[in-house]
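All chains are named by letter (A, B, ...) in the order of the sequence lines, taking the proteins before the strands, and each is independently numbered beginning at 1. Values below: all heavy atoms of this structure, side chains included; hydrogens, waters and symmetry mates excluded.
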Amino acid sequence: MNDEFIVHEVPEFALFQVMTRGDREAVAELLSDRLALELPLIPNTTSTSSLGLKATWFGPARWLIYSPKAQWFLDDVPGCSVTDISDSRRLFSLSGSSVRDRLATGCPLDLSEGAMPPGTCGMTHFDQLPIMLCRNDNDSYELHVERSYSDDLLSALRPYD
Amino acid sequence: MNEGGLIDRGKPISFRFNGEPLQGFEGDTLASALLANGQRIVGRSFKYHRPRGIYSAGPEEPNALVQIGTDRSWEPNACATQVPLEDGLLVKTQNHWPSLRFDLLSINNFLSPLISTGFYNKTFKWPRRFWPVYETVLRHVAGHGRVPAVAERGGYEQVYSHCDILIVGAGPAGLAAASMLGRTGASIVLVDEARHAGGWLLRERATIGGESGQQWAARMREGLESCSNVRLLQRTTAFGYYDHNLVALAERLSSGERLWRVRARQVILATGSIERPLVFANNDLPGIMLAGAARAYLHQFAVRSGNTGVVYTNNDSAYRSAADLYDAGVQVAALVDTRKTIAADSKEMLERRNIRVFGNATLAASGGNRLRSVQVASRGSVGQAKLDCDLLCVSGGWTPTLHLHAQSGGTSRFETDLDAFVPDAAKQQSVAAGSVRGLHRLRDCLDDGRRAAVDVADRLGLSITAGESWNDVSMAADDRPGELDLQARSGSGGLPKTKGKQFVDLQNDVTANNIKQAYSENYVSVEHLKRYTTLGMGTDQGKTSNLNGLSMLAQLREEPVPQVGTTTFRPPYTPVTLALLAGRSCDSHLAPTRRTVMHAQHERLAAQFDFNGLWLRPQCYLRDGESVDAAIQREALAVRECAGLADISTLGKFEIQGQDCAEFLDRTYVNNLSGLAVGRARYGLMLREDGMVLDDGTVTRLGESHYFITVSTGHTEHVLQHFEFLLDVAWPDLDVNVASVTEQWAGVALAGPKSREVLLPLVSESSCSLSDLPYMGYTNAEIRGRDRVIPARIIRISYSGELAHEIYVPSRAGAEFWEVLVEQERESALTPFGMDAMDVLRIEKGFVAVGAEADGRITPGDLGFERMVSKTKRFVGWHALKRPALNEQGRLQVVGLRPLSDHDRLREGAELIANPGDRGYDASIGHVTSAGYSPTFGRSVALALVTDGRSRLGETIYSVDAARGEARPVAAEIVASCSYDPDGERMRA
């Protein structure tokens with residue numbers, strides 16, 4: 001059996017949390033214009049811009065804005081609160097032919113093509129560790145884990161003895 | 001036998017049974033191999049230690065429980081009928097001493113008049129202090145295997161799975177449904193306990209459209225294996241049906257097991273049915289087995305279960321056993337049928353084979369270590385016949401395997417014709433199909449599988465084609481399984497007067513008399529009957545015994561069976577190992593461990609870690625040859641005299657933003673925070689709705705509409721929930737956003753009179769003026785890292801009572817920042833200190849901790865914080881604080897304790913009493929909440945909750961630490977909670 005499973009840490013990035021208590025559609029539109037990046041209003045979906053920015057639905061009227069550049073900075077946006085959380089998480093890219101099988105050993109989400117196509121994401125857990133999982137365009141996943149859990153997560157992702 | 005069966009005679013397998021080398025073949029189960037080797041006794045019974053043989057061919061097996069594995073690592077209570085034979089398998093029998101054939105404990109059999117129903121409950125409860133003695137003996141005598149001495153490692157996997165349709169059971173109905181649904185493209189999981197799909201088709205002489213049942217099953221299986229959308233799981237038991245169509249499966253792997261959690265949109269329960277025994281004298285002798293099991297061993301494993309057989313039945317299905325055994329060369333002495341009327345063709349089938357049929361008759365068995373003969377009594381006449389035999393095949397009808405249907409919440413109804421409960425309404429998205437519905441004709445089961453397939457396809461909107469139709473379906477004598485004799489199966493009705501126990505539950509040695517006795521003692525509910533007699537307990541959970549037992553109870557109560565009801569079906573259907581349920585979540589993965597970004601640095605400094613919630617935090621740092629106590633004192637003293645450094649990254653941290661954030665904080669904290677100037681910090685206290693302290697921490701105003709707050713490490717999630725509840729439910733109009741930044745910022749506390757000197761050279765002067773930073777002031781700063789500038793938030797907060805700074809840096813720079821600080825150590829004697837030293841420092845200072853002093857029953861007034869509570873605003877808990885009981889005398893209040901003798905130690909958790917002789921619960925006037933040894937004072941320091949404590953300053957009270965075995969009361973004086981620098985000059989310096 002081909003059981004290729006590759007875990008690759010995203011070395012640098014910037015991550016900002018955007019929250020609003022106001023008109024979420026107006027905020028989404030404002031930010032979409034400013035960043036040339038559509039902010040998803042549909043739960044558990046993501047969108048990407050041509051510059052590599054990525055927006056992730058993170059709750060009603062909450063988004064995560066990801067930039068592949070560590071020095072990127074999101075200025076204050078009227079009507080919402082912006083918080084830099086670039087340091088709070090570690091990001092891993094998971095790929096390989098057995099990526100879904102391996103994730104299914106600890107993650108209760110339905111990872112099938114129909115249930116979780118590219119451009120979707122979900123807050124979930126792997127074993128008992130809280131994670132966020134995003135499906136990329138290709139057959140790979142982006143896994144977010146809070147920094148303090150990351151050692152445990154890496155050891156849990158290792159194959160069974 | 002030399003031919004037939006689904007075993008591979010080209011692959012012999014060697015195994016050992018109680019040390020004796022035996023041989024079987026690939027495809028055998030342990031039970032079939034033991035039968036083939038003529039091993040009749042496979043264990044001793046639970047209570048009376050009677051010899052027992054293999055009784056069934058499935059998971060219902062009550063007798064053949066063995067221990068498999070090596071001497072160091074074994075599995076007790078393995079069900080021999082379910083264990084596939086593997087090369088080198090080591091098998092040991094259970095429940096006997098000294099040997100299987102000669103068991104001294106079988107004396108219980110003769111003592112049985114003394115060991116009545118409830119013997120254990122009645123006897124061993126007095127005198128109470130003898131229980132430890134009883135326990136030691138009973139543990140040895142009690143049955144069902146021994147627990148392995150060594151913990152299992154590895155081999156236990158878990159997997160989550162989602163599918164459109166889960167089909168449980170690959171018998172005729174399950175296979176018929178799967179083969180139709182397989183072509184729809186829906187994702188399907190088909191599970192079956194056996195190694196090969198087919199269920200009873202592998203175990204009967206059946207024909208489907210010109211093929212044998214075995215051939216048909218193999219063809220269906222191959223067809224399904226070629227469908228990429230079908231996952232066929234063999235040797236897999238669906239053992240639990242939970243809410244929202246979650247079904248748990250246990251897959252047996254060659255080494256270990258795998259737990260599947262399958263979330264299915266639709267479930268087809270084709271779980272089949274289990275044959276019931278008949279109750280008669282000595283019905284437990286080795287050589288007696290279920291009639292269907294005898295056919296299974298014959299057709300699937302090519303094993304004749306005996307040489308001379310008798311069949312005893314109350315229904316037609318067992319006629320097949322007589323005919324099949326005869327055709328396989330077993331001498332069949334007779335078939336004894338309890339019914340008056342016997343179908344002509346069934347009778348004719350046996351008469352053609354010269355097998356004698358006794359109608360309207362009952363029997364009793366006799367023998368020693370195995371069955372020798374049966375005595376047949378015609379109920380109409382007095383005549384008795386004695387027939388020698390070594391095999392007795394018994395059938396009392398069929399019980400549908402309702403377990404999963406019942407676990408899913410589905411209801412059942414009693415079918416009098418079948419004398420059994422069958423599924424009625426489903427509660428979840430499931431459909432029952434096949435013999436679980438009480439269908440016993442093969443054609444009916446196949447058709448019912450197809451009906452179920454159409455049903456679920458319809459529900460899922462799948463288009464389904466008619467598929468294969470089957471003609472010429474036949475199975476001998478399967479047309480009338482239902483005409484049961486209801487009297488016979490419950491042991492009454494003109495039994496021959498033979499001595500001998502009539503067992504209802506073989507696994508737990510429960511006899512018909514036990515049930516009568518329990519009834520006479522007024523145990524008239526099935527659930528009570530189960531607990532009192534142990535009927536239906538054990539590893540088989542009464543799969544063969546429950547219905548017989550409860551119909552006996554129904555007769556005694558003179559009520560119909562449905563009135564009596566069944567016991568509750570609970571998961572698991574068959575036993576599963578705890579290791580399977582635990583999977584990876586054991587040892588270091590038992591619970592998640594959270595580590596700060598400075599964890600490696602602490603390890604290098606020989607930190608001793610302890611958990612706070614899920615976080616690992618340094619308790620102290622050991623230097624060469626140093627004890628923990630010495631390290632704590634050295635660290636605490638270093639902070640008081642010079643400077644110390646502690647990792648406080650675990651504190652919960654939130655950023656509060658939005659136009660209304662000042663208003664929000666005013667409503668959640670008891671003190672005024674809207675008046676806090678930008679660039680300043682304040683200690684804050686928040687309450688629950690009921691007025692009790694929820695948490696405390698610091699609040700720093702970063703900007704007009706931007707606050708940064710810290711909360712207790714262990715309460716972070718709780719406080720966030722509290723905030724989100726208030727914002728979503730109570731105040732949806734407030735423009736406030738709460739973002740968790742616990743993981744964003746690593747933090748250190750730099751404390752001690754020289755802490756500013758240590759920090760100064762690291763802070764770039766252009767970024768801030770540290771010397772001008774006032775007490776409770778906040779500034780942004782730039783720290784000189786190795787080869788970069790680290791942005792930092794510096795707040796002059798002190799939890800030690802010394803001049804101190806809390807410094808927060810982005811987590812990715814946390815480790816570097818720690819190292820840069822520690823490098824200062826050489827020049828300025830900066831000492832890393834752990835949580836224990838921090839605890840000593842705050843106790844000296846009288847700072848309360850949530851969890852210790854504020855234990856959930858404590859108001860701000862109890863803590864001595866009345867003045868902090870704002871009188872000009874409303875906040876969460878405001879109303880509740882007005883309750884009279886919270887403002888009366890007699891409440892616990894926080895005070896300090898000082899032992900009268902410096903040599904006495906005060907300890908956390910010790911009870912406090914007013915006089916040294918006081919005893920009893922009422923004597924307690926409080927307890928020690930926090931304690932430590934203060935190197936500054938050279939004695940214990942402690943905080944305590946004492947009834948009306950603040951009005952008793954100067955009184956001497958006594959601490960009793962009975963829980964730690966220290967009964968001697970320690971005299972201590974009640975003092976003000978703050979012992980060190982009460983005016984706070986040092987921290988404001």
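Side-chain contact of B:His599 with A:Ser148: a donor-acceptor pair under 3.5 Å is absent, judged by distance alone.
When each of B:Asp733, B:Leu734, B:Thr650 is scored by its heavy-atom pairs under 4.5 Å with chain A, the top score falls to B:Leu734. Most heavy-atom pairs under 4.5 Å with chain A, from the set B:Pro732, B:Ala746, B:Ser740: that is B:Pro732. Across B:Asp735, B:Thr742, B:Leu727, the residue that shares the most heavy-atom pairs under 4.5 angstrom with chain A is B:Leu727.
The nearest pair of heavy atoms linking B:Ala813 to A:Asp87 is N-OD2, 4.3 Å. Of all non-hydrogen atoms in B:Arg584 and A:Ala156, the two that sit nearest each other are NH1-O, 3.3 Å.
Only the side chain of A:Phe126 comes within contact range of chain B, with heavy atoms under 4.5 Å apart. Using a 4.5 Å cut-off between heavy atoms, B:Trp745 does not touch chain A at all. If you measure heavy-atom distances from B:Leu614 to chain A, the contacts under 4.5 Å come from the side chain alone. Only the side chain of B:Val597 comes within contact range of chain A, with heavy atoms under 4.5 Å apart. Interface remark: A:Leu153 contributes no atoms to any contact with chain B (heavy atom separation under 4.5 Å). With a 4.5 Å cut-off on non-hydrogen atoms, A:Arg62 touches chain B through its side chain but not through its backbone. The contact between B:Leu590 and chain A is made entirely by backbone atoms, counting heavy-atom distances below 4.5 Å. Contacts of A:Thr20 with chain B are made by backbone atoms alone, with heavy-atom separations under 4.5 Å and no side-chain atom involved.
A donor-acceptor pair under 3.5 Å is absent between the side-chain atoms of A:Gln128 and the main chain of B:Pro592, judged by distance alone. With hydrogens and angles disregarded, no donor-acceptor distance shorter than 3.5 Å links the side chain of B:His162 to the backbone of A:Ala115. Judged by distance alone, with hydrogens and angles left aside, the side-chain atoms of A:Asp152 form a donor-acceptor pair with the main-chain N or O of B:Thr593 at under 3.5 Å.
In this structure, A:Arg102 forms no cation-pi arrangement with B:Tyr160, as its terminal cationic atom is not both closer than 6.0 Å to the ring centre and no more than 45° off the ring axis.
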**OP:** Decide yes or no on side chain to side chain contact (heavy atoms under 4.5 Å, CB included) for A:Thr83 and B:Gln657, but give the supporting numbers first.
**Re:** CA-CA 9 Å; A:Thr83 313; B:Gln657 299 176 73; 3.0 Å; yes
**OP:** Could you walk me through whether A:Ser81 and B:His706 pass side-chain hydrogen bond (donor to acceptor under 3.5 Å, both in side chains), step by step?
**Re:** CA-CA 9 Å; A:Ser81 305; B:His706 194 177; over 6 Å; no
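In the displayed structure, B:Arg231 atom CZ is contacted under 6.0 Å by at most 12 heavy atoms of other residues, nucleotides or ligands. Within a 6.0 Å radius of CD in A:Glu25, other residues, nucleotides and ligands contribute 12 heavy atoms or fewer. A:Glu29 CD: 12 or fewer foreign heavy atoms inside a 6.0 Å radius.
Checked for salt-bridge contact, B:Asp728 and A:Arg21 meet the test: a charged N lies under 4.0 Å from a carboxylate O. A salt bridge does not link B:Arg595 to A:Glu146: none of the charged nitrogens lies less than 4.0 Å from a carboxylate oxygen.
Taken to the nearest 0.5 Å, the CG atom of A:Asp76 stands 10.5 Å off from the OG atom of B:Ser705. Expressed to the nearest 0.5 Å, how far CE of A:Met19 lies from CD of B:Glu655 amounts to 11.0 Å. B:Ser588 OG to A:Asp151 CG: the interatomic distance, rounded to the nearest 0.5 Å, is 11.5 Å. The structure places CZ of B:Arg263 at 11.0 Å from CG of A:Leu109, a figure rounded to the nearest 0.5 Å.
In this structure the side chain of B:Gln744 reaches within 4.5 angstrom of the side chain of A:Asp84, judged on heavy atoms.
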